[in-house]
Amino acid sequence: MPRKKPANEGLRSNARAARRFLRRAIALSVENVRKGRGGPFAALVVKDGRAVGVGTNRVTLTNDPTAHAEIVAIREACRSLGTFELSGCEIYASCEPCPMCLGAIYWARIERVYFATSASDASRAGFDDSMILRQLRLPRSRRRVPMMQMLRREGLRAMRSWREAADKTPY
């Protein structure tokens, strides 16, 4: 039986290219702050040794709380490649992805994440997402933002429609 590869296998391969892309993300994050465009975050989505999506934090610039560097880079990569899934891609981020960005990375099927600074480093700079992580572990009834499920039976119609659709694009 073939041995299953560990999730982190290959993370150290091609270290020179990885450092180059990560340094580019760091430089973009510094420039983003210097030019007053947003927070100290940047990311590159790379496929086959080529950046196919580049993003910097645009939250305050665009008044969009989802405009994190990784999300911007993922959106650009998807447009560039004409697909909604980025298997075969890696992402290089100036900082460890937050919970929202990590969710997007998993949904996009990005295969590897390289990052420079940690979530703890970001927290010390004023970008603390630990509350979100704590909230996700709580039952819905105990979360800070009230969450009430309603009209489930009616809402299940959309799920049934999806399951029964012959022409859907699975993801």
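Under a 4.5 Å side-chain heavy-atom criterion applied to ILVMFWY residues, the cluster that includes L133 comprises that residue alone.
With a 4.5 Å cut-off on side-chain heavy atoms, E90 and N14 do not count as touching. Annotation: side chain of S94 is not in contact with side chain of T117 (no heavy-atom distance under 4.5 Å).
Under the salt bridge (Lys or Arg N to Asp or Glu O under 4.0 Å) criterion, D128 pairs with no residue, sequence neighbours left out. Residues that satisfy the ring pair (Phe, Tyr, Trp, His ring centres under 6.0 Å) test with Y171, not counting sequence neighbours, are F84. Partners of R124 by side chain to side chain donor-acceptor pair (under 3.5 Å), not counting sequence neighbours, listed by chain and number: D121. For the side-chain contact (heavy atoms from CB on, under 4.5 Å) test, residues two or more places apart in sequence or in another chain that qualify with C78 are I74, L86. Residues satisfying the side-chain contact (heavy atoms from CB on, under 4.5 Å) criterion with P65, sequence neighbours excluded, are absent altogether.
C95 SG to F127 CZ: the interatomic distance, rounded to the nearest 0.5 Å, is 9.0 Å. The distance from the CD1 atom of I71 to the OG1 atom of T66 is 6.5 Å, given to the nearest 0.5 Å.
Pairs engaging residues 45-75 under the ring pair (Phe, Tyr, Trp, His ring centres under 6.0 Å) rule: none recorded [sequence neighbours left out]. Applying the salt bridge (charged side-chain N to carboxylate O under 4.0 Å, His left out) definition to pairs two or more places apart or across chains, none involves residues 134-147.
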Could you please spell out the steps behind the side chain to side chain contact (heavy atoms under 4.5 Å, CB included) verdict for I91 and R112? CA-CA 6 Å; I91 193 164; R112 288 188 186 89; over 6 Å; no
Pairs under 3.5 angstrom only: tabulate donor-acceptor contacts from the side chains of residues 145-163 to other protein residues two or more places apart or in another chain.
{"unit_1": "S161", "atom_1": "OG", "unit_2": "R157", "atom_2": "O", "d": "3.1"}

Return all side-chain donor-acceptor pairs below 3.5 angstrom for residues 20-43, not counting sequence neighbours, or 'none' if the list is empty.
{"unit_1": "S29", "atom_1": "OG", "unit_2": "I26", "atom_2": "O", "d": "2.6"}
{"unit_1": "E31", "atom_1": "OE2", "unit_2": "K35", "atom_2": "NZ", "d": "2.9"}
{"unit_1": "N32", "atom_1": "OD1", "unit_2": "T56", "atom_2": "OG1", "d": "3.3"}
{"unit_1": "N32", "atom_1": "OD1", "unit_2": "R58", "atom_2": "NH1", "d": "3.0"}
{"unit_1": "N32", "atom_1": "ND2", "unit_2": "G39", "atom_2": "O", "d": "3.0"}
{"unit_1": "N32", "atom_1": "ND2", "unit_2": "N57", "atom_2": "O", "d": "2.9"}

Side-chain donor/acceptor pairs under 3.5 Å, residues 44-54, sequence neighbours excluded:
{"unit_1": "K47", "atom_1": "NZ", "unit_2": "S87", "atom_2": "O", "d": "3.2"}

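Cluster annotation: V113 is not connected to M100 through the hydrophobic network of ILVMFWY side chains, with a link wherever side-chain heavy atoms come within less than 4.5 Å.
More than 12 heavy atoms of other shown residues, nucleotides or ligands fall within 6.0 angstrom of atom CZ in R109.
Scanning both residues, G55 and A69, for their nearest heavy atoms gives O-CB, 3.6 Å.
Using a distance-only test at 3.5 Å, with no hydrogens or angles considered, a donor-acceptor pair links the side chain of E111 to the main chain of G88.
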